[in-house]
Novice: 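Take a look at the following structure, please.
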Amino acid sequence: MDTLSYKTISANKATVQKEWVVVDAHSLVLGRVASEVAKILRGKHKPNFTPHVDCGDNVIVVNAEKVRLTGKKWNDKVYVRHTGFPGGQRISTPRLLMEKSPITLVEKAVKGMLPKNRLGRKLYTNLHVYAGSEHPHSAQQPKEVKF
């Protein structure tokens, strides 16, 4: 029996194949888009996935302003942050975030689904979100991904 066929191949920074993909979020549910984008950023869709290596692709999300939420989440869901000063707790809803900056809503959803460590912070830099349908990354020749 050939024992070489049982060797597990581990990817590293030099051997990983990184690509560019475009995701159109027009009329898609926020959480479902975010989980798929996080999976692509992490590299879990690749056969040579290695947990401790950035082997995911660069993801461009367009039409972030046209993403949708189900139920009454536009008003009932809350995002809590703290300024660091006494009494500095600030609460906002998805509706307020969408009016202020539509890309923040998608970025927060994806960031929450990435690992909370150095690798997660590195993976987050591979995410590019745009409110409209145009993006400046056409030189990278990204591939369209449908969900």
Novice: For Lys143 and Trp20, indicate whether the former's side chain and the latter's backbone hold a donor-acceptor pair under 3.5 Å.
Specialist: no

Novice: Are there more than 12 heavy atoms of other residues, nucleotides or ligands under 6.0 Å from atom CD1 of Ile91?
Specialist: yes

Novice: Are the side chain of Arg90 and the backbone N or O of Tyr79 linked by a donor-acceptor pair below 3.5 Å?
Specialist: no

Novice: Say you draw a straight line from NZ of Lys72 to NZ of Lys77; how long is it, rounded to the nearest 0.5 Å?
Specialist: 15.5 Å

Novice: Measuring only between side-chain heavy atoms, which start at C-beta, is Thr70 closer than 4.5 Å to Val29?
Specialist: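 Contact flag for Thr70/Val29 side chains = yes.
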
Novice: Look only at the side chain of Lys46 and the backbone of Cys55, and say whether a donor-acceptor pair between them is shorter than 3.5 Å.
Specialist: yes

Novice: With rounding to the nearest 0.5 angstrom, report the CD1 to CG distance, Ile103 to Leu127.
Specialist: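 Ile103 CD1 to Leu127 CG: 9.5 Å, rounded to 0.5 Å.
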
Novice: Rounded to the nearest 0.5 Å, what's the gap from NZ on Lys111 to CZ on Arg121? Could you check?
Specialist: 8.5 Å

Novice: Do Leu28 and Met98 belong together in a cluster built from hydrophobic side chains that touch within less than 4.5 Å?
Specialist: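 Yes, because Leu28 and Met98 connect within a single hydrophobic cluster, where side-chain heavy atoms sit under 4.5 Å apart.
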
Novice: Find out whether Glu107 and Val61 are in side-chain contact, i.e. whether some heavy atom of one side chain is under 4.5 Å from a heavy atom of the other.
Specialist: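 A side-chain contact under 4.5 Å is absent here.
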
Novice: Would you say Val37 ends up clustered with Leu30 if hydrophobic residues are merged whenever their side chains have heavy atoms under 4.5 Å apart, either directly or through other cluster members?
Specialist: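 Per the 4.5 Å side-chain linkage, Leu30 and Val37 are co-clustered.
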
Novice: Determine the sole option in Val59, Leu41, Asp57 for which the side-chain contact (heavy atoms from CB on, under 4.5 Å) test with Asn126 is passed.
Specialist: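 Answer after filtering Val59, Leu41, Asp57: Leu41.
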
Novice: Taking atom NE2 of His137 as the centre, does the number of heavy atoms from other residues, nucleotides or ligands within less than 6.0 Å exceed 12?
Specialist: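 Yes, NE2 of His137 has more than 12 neighbouring heavy atoms, counting only those of other groups under 6.0 Å.
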
Novice: Quick check: do Asp54 and Lys18 have side-chain heavy atoms less than 4.5 Å from each other?
Specialist: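 Asp54 reaches Lys18 side chain to side chain.
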
Novice: Would Val110 end up clustered with Val33 when hydrophobic side chains under 4.5 Å apart are linked, directly or stepwise?
Specialist: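 Looking at the clustering, Val33 is in the same group as Val110.
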
Novice: In this structure, are over 12 heavy atoms from other groups packed under 6.0 Å from Glu144 atom CD?
Specialist: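 Atom CD in Glu144 is packed in, count exceeds 12.
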
Novice: Is it possible for you to say whether Phe147 and Leu105 belong to one hydrophobic cluster, with membership spreading through side-chain heavy-atom contacts below 4.5 Å?
Specialist: yes

Novice: Give a yes or no on whether Val62 and Val67 share a hydrophobic cluster (residues Ile, Leu, Val, Met, Phe, Trp, Tyr; joining criterion: side-chain heavy atoms under 4.5 Å apart).
Specialist: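 Unlinked, Val62 and Val67 end up in two clusters.
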
Novice: Counting distance only, does the side-chain N/O of Ser92 pair as donor-acceptor with the main-chain N or O of Leu97 below 3.5 Å?
Specialist: no

Novice: For a 4.5 angstrom cut-off between non-hydrogen side-chain atoms, does Arg42 reach Pro51?
Specialist: yes

Novice: Give a yes or no on this: more than 12 heavy atoms of other residues, nucleotides or ligands lie within 6.0 Å of atom NZ of Lys116.
Specialist: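 Yes.
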
Novice: Using the ring centroid of each side chain, check whether His128 and His135 are separated by less than 6.0 Å.
Specialist: no

Novice: Can you tell me if NZ on Lys44 sees more than 12 non-hydrogen neighbours from other groups inside 6.0 Å?
Specialist: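 No, not enclosed.
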
Novice: Check step by step if side chain to side chain contact (heavy atoms under 4.5 Å, CB included) holds for Asn75 and Arg95.
Specialist: CA-CA 6 Å; Asn75 296 316; Arg95 185 171 305 287; 3.0 Å; yes

